[in-house]
Colleague: 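The structure's right below; bear with me while I get my questions together.
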Amino acid sequence: MEIINNLPSPVGLRKDEIISTLLREEYGFLPSRPFSVTAKEESSDGGFAASKATLKRISLTCKGEWGEFTFPVSYAVPRVGSSFPCFIHLNFRDFIPDKYQPTEEIIDNGFAIFTIYYQDISSDNGDFTDKFAGVVYPEGKRESDDCGKIGLWAWAALTVLDYALTLPELDHRRISVVGHSRLGKTALLAGALDKRFYCAFSNDSGCSGAALAKEKTGERIKDITKVFPYWFCENYLKYVDKDENLPFDQHWLLAANAPHRVYVASAEDDGWACPKNEYLACVAADEYYKKQGSVGFIHPDRLPLTGERFHDGDIGYHIRRGSHFLSRDDWHNYMRYINQYD
Ligand code: GCU
C-alpha cells in the first residue's frame with residue numbers, strides 16, 4: 001500500500017512526551033483542571049422525543065486557580081434503562097435536535113448525550129477576552145505556548161466528563177467525545193488529554209486534526225493559520241510551509257489517545273480535509289497502539305473504498321459518501337462501533 005515515508009515516529013516516546021510536544025508546538029497548554037464543578041439544573045423536560053427521553057439544561061460552575069466560570073450544557077438521556085453509554089458532543093449550535101445531532105435516533109439506540117455549544121466556552125475568533133478565555137487570560141494576552149480556542153473547547157469536554165462521571169445512570173466506562181471538523185480536532189485533543197474517555201470520535205477533522213500534514217492535499221498549515229491562527233498556540237506559526245519536515249505529525253495526536261480508542265471518520269468529497277491522509281494517519285498510529293499492548297488499526301493493505309468501515313481495532317474508521325458534514329451515517333457507525341464491544 002501507498003504510505004508516506006519518513007514520518008517522525010512516536011514509537012519509543014512516552015505518552016506524556018508526545019502530548020507535551022503537541023501542546024508546546026501546536027495546540028498550547030490548557031488551563032488547569034477545576035478544583036470543583038457544581039451543576040444546577042435549569043430545566044427538565046420528560047416529554048422529549050415522544051417522552052422516550054428527558055432533556056435537561058444544566059449550568060456547570062467551575063472553580064479553579066484561575067477563578068470561576070459557568071457554562072451551559074444540554075443533556076438528553078433515555079427514560080427507561082440504566083448504564084447508558086454516553087457521548088459528549090461539541091457542536092456548532094445549541095439546538096436540540098440539530099442537523100449534526102439526531103438526538104432522537106441516538107436516544108433510540110440507548111445512548112445518552114451531552115451537547116456543548118462551543119461558543120459558550122469562548123467565541124470562534126481571536127478575542128481572548130471572551131468568556132472562559134477572559135477568565136484564564138486576563139487582558140486577553142497569551143504566552144506563545146498557551147492554548148488557543150481548540151484547547152479551551154477541549155477543556156470544556158474534560159469538564160463535562162468530570163460531571164458525567166458523577167451520574168449513576170451512565171456507564172462510566174463508555175463515555176466518548178465527538179466533534180466535527182474544527183470540533184473533531186478538539187475531540188482528538190480532548191481524548192489525548194484524558195484517559196477516562198472510552199473513545200474520541202473525529203468527524204472530518206482534516207488539517208491539524210486527523211490528517212497527516214506531510215504530503216497532504218487541500219488545506220495546509222499555511223492556510224489554517226492564516227484564517228484561524230487563534231485555534232492554536234502562537235508557536236504553531238513557525239511551521240507554516242514546513243509541512244514536509246515537521247518534527248511530529250498528526251498521527252501523534254491519534255497515538256496519544258492510546259490506550260483508549262480513537263475513531264477517524266472521513267467523507268469522500270471532503271477534499272479540503274484530505275480523506276487519504278486521514279486514513280494514512282490511522283495506518284501510521286497503529287504501531288504506537290500496538291506497542292501499548294492495544295489492538296491497533298485493522299485494515300486491508302490498500303486505500304479504503306467509499307462505504308467501507310474498519311471496526312475491528314482500537315482505531316476505528318469509516319469513509320462515507322458525500323461531503324463535509326456530521327451525518328446520520330456517521331452517528332450510526334459510531335454507535336455500531338461502541339455497541340459491538342460491550
Ligand atoms: C474550515 C477550516 C477547517 C475546519 C473547517 C470547519 O474549512 O479550514 O480546518 O475543519 O473550517 O471547522 O468547519
Side-chain angles (χ1 to χ4, degrees), residues 22 25-28 88-95 98-101 115-127 147-157 177-192 200-234 236-237 239-243 246 249-254 262-282 317-320 322-327 329-331:
L22 291 169
E25 305 299 324
E26 186 168 3
Y27 304 101
I88 296 174
H89 179 209
L90 291 143
N91 201 6
F92 287 84
R93 291 158 295 275
D94 58 1
F95 308 153
D98 177 65
K99 64 178 182 177
Y100 285 174
Q101 190 186 298
T115 313
I116 305 169
Y117 169 50
Y118 78 134
Q119 300 207 59
D120 280 333
I121 311 307
S122 191
S123 56
D124 192 353
N125 56 34
D127 177 5
C147 78
K149 296 292 174 103
I150 287 179
L152 298 182
W153 301 327
W155 179 93
V177 57
V178 188
H180 169 64
S181 209
R182 66 200 69 183
L183 299 173
K185 310 180 210 296
T186 307
L188 289 174
L189 180 61
F201 290 93
S202 149
N203 201 82
D204 304 354
S205 65
C207 180
S208 310
L212 293 171
K214 195 169 158 72
E215 296 181 28
K216 186 179 181 304
T217 53
E219 187 176 31
R220 310 219 75 193
I221 297 173
K222 159 172 87 208
D223 306 304
I224 201 165
T225 54
K226 189 166 175 208
V227 186
F228 306 108
Y230 58 85
W231 286 352
F232 306 96
C233 68
E234 289 166 4
Y236 197 38
L237 290 171
Y239 296 107
V240 168
D241 289 327
K242 302 262 171 27
D243 312 60
L246 286 173
D249 208 322
Q250 293 308 120
H251 60 308
W252 288 37
L253 183 60
L254 303 186
V262 70
Y263 191 112
V264 173
S266 296
E268 180 182 25
D269 301 334
D270 193 9
W272 190 235
C274 188
K276 180 177 166 192
N277 276 28
E278 292 181 329
Y279 179 74
L280 293 178
C282 299
Y317 173 87
H318 72 253
I319 178 162
R320 62 158 170 79
S323 58
H324 191 71
F325 197 87
L326 176 45
S327 77
D329 283 356
D330 297 311
W331 281 106

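The analysis underlying the following values was restricted to heavy atoms, covering all of them including side chains, and did not include hydrogens, waters or symmetry mates. Counting convention: from 1, in listed order, for ligands and their atoms alike. In this text, all values refer to a predicted model and were calculated from it rather than measured experimentally.
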Colleague: In this structure, does ligand 1 have an atom that sits under 4.0 Å from one of the heavy atoms of Lys185?
Modeller: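 For ligand 1, residue contact (heavy atoms, under 4.0 Å) with Lys185 is present.
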Colleague: Check this for me, if you would: do Lys185 and Asp204 make a salt bridge, where the nitrogen-to-carboxylate-oxygen distance has to be below 4.0 angstrom?
Modeller: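 Between Asp204 and Lys185 there is no salt bridge, as every charged N stays at least 4.0 Å from the carboxylate O atoms.
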Colleague: To which protein heavy atom is atom 7 (O) of ligand 1 closest, and what is the distance rounded to 0.1 Å?
Modeller: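 Result: Trp272 NE1, 3.3 Å.
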Colleague: Checking the N or O distance criterion of under 3.5 Å, is ligand 1 in contact with His180?
Modeller: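 In fact, backbone or side chain, His180 has no N or O that close.
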Colleague: Side chain or backbone of Ile224 under 4.0 Å from ligand 1, or both, or neither, by non-hydrogen atoms?
Modeller: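 Just the side chain.
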Colleague: Look at Asp124 together with Arg182 and state whether they make a salt bridge at an N to O cut-off of under 4.0 Å.
Modeller: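 Between Arg182 and Asp124 there is a salt bridge, with a charged N closer than 4.0 Å to a carboxylate O.
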Colleague: Can you tell me the protein heavy atom closest to atom 1 (C) of ligand 1 and the distance?
Modeller: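 Here the nearest protein heavy atom works out to Phe228 CE1, 3.7 Å.
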Colleague: Mind checking whether Ser123 and Lys149 have side chains closer than 4.5 Å, heavy atoms only?
Modeller: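 The answer is yes, as the side chains (C-beta and beyond) meet within the 4.5 Å cut-off.
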Colleague: Quick one: which ligand 1 atoms are inside 4.0 Å of a heavy atom on His324?
Modeller: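 By the 4.0 Å cutoff, the relevant atoms are 13 (O).
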Colleague: Check Asp98 with Arg93, please: is the shortest side-chain N to carboxylate O separation under 4.0 Å?
Modeller: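 Judged by the 4.0 Å cut-off on N to carboxylate O distance, Arg93 and Asp98 do form a salt bridge.
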Colleague: Quick one, Arg320 and Phe325 - any side-chain contact, counting heavy atoms below 4.5 Å?
Modeller: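 When only atoms from C-beta onward are counted, Phe325 and Arg320 do touch, with a gap below 4.5 Å.
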Colleague: Looking at Trp153 and Ser122, what are the two nearest heavy atoms and their distance?
Modeller: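 Distance-wise, the nearest heavy atoms are NE1-O, 3.1 Å.
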Colleague: Any idea which protein heavy atom is nearest atom 9 (O) of ligand 1, and the distance to it?
Modeller: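 Nearest neighbour among protein heavy atoms for atom 9 (O) of ligand 1, to 0.1 Å: Glu219 OE1, 2.6 Å.
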Colleague: What residue and atom, counting heavy atoms only, is the protein's closest point to atom 13 (O) of ligand 1, and at what distance?
Modeller: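 Its nearest protein heavy-atom neighbour is Ser181 OG, 2.8 Å.
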Colleague: Heavy-atom distance under 4.5 Å between the side chains of Gln119 and Phe92, does that happen here?
Modeller: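 Gln119 does not reach Phe92 side chain to side chain.
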Colleague: I want to know if ligand 1 touches Arg182 in the polar sense, i.e. an N/O pair below 3.5 angstrom.
Modeller: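 Min N/O separation from ligand 1 is below 3.5 Å for Arg182.
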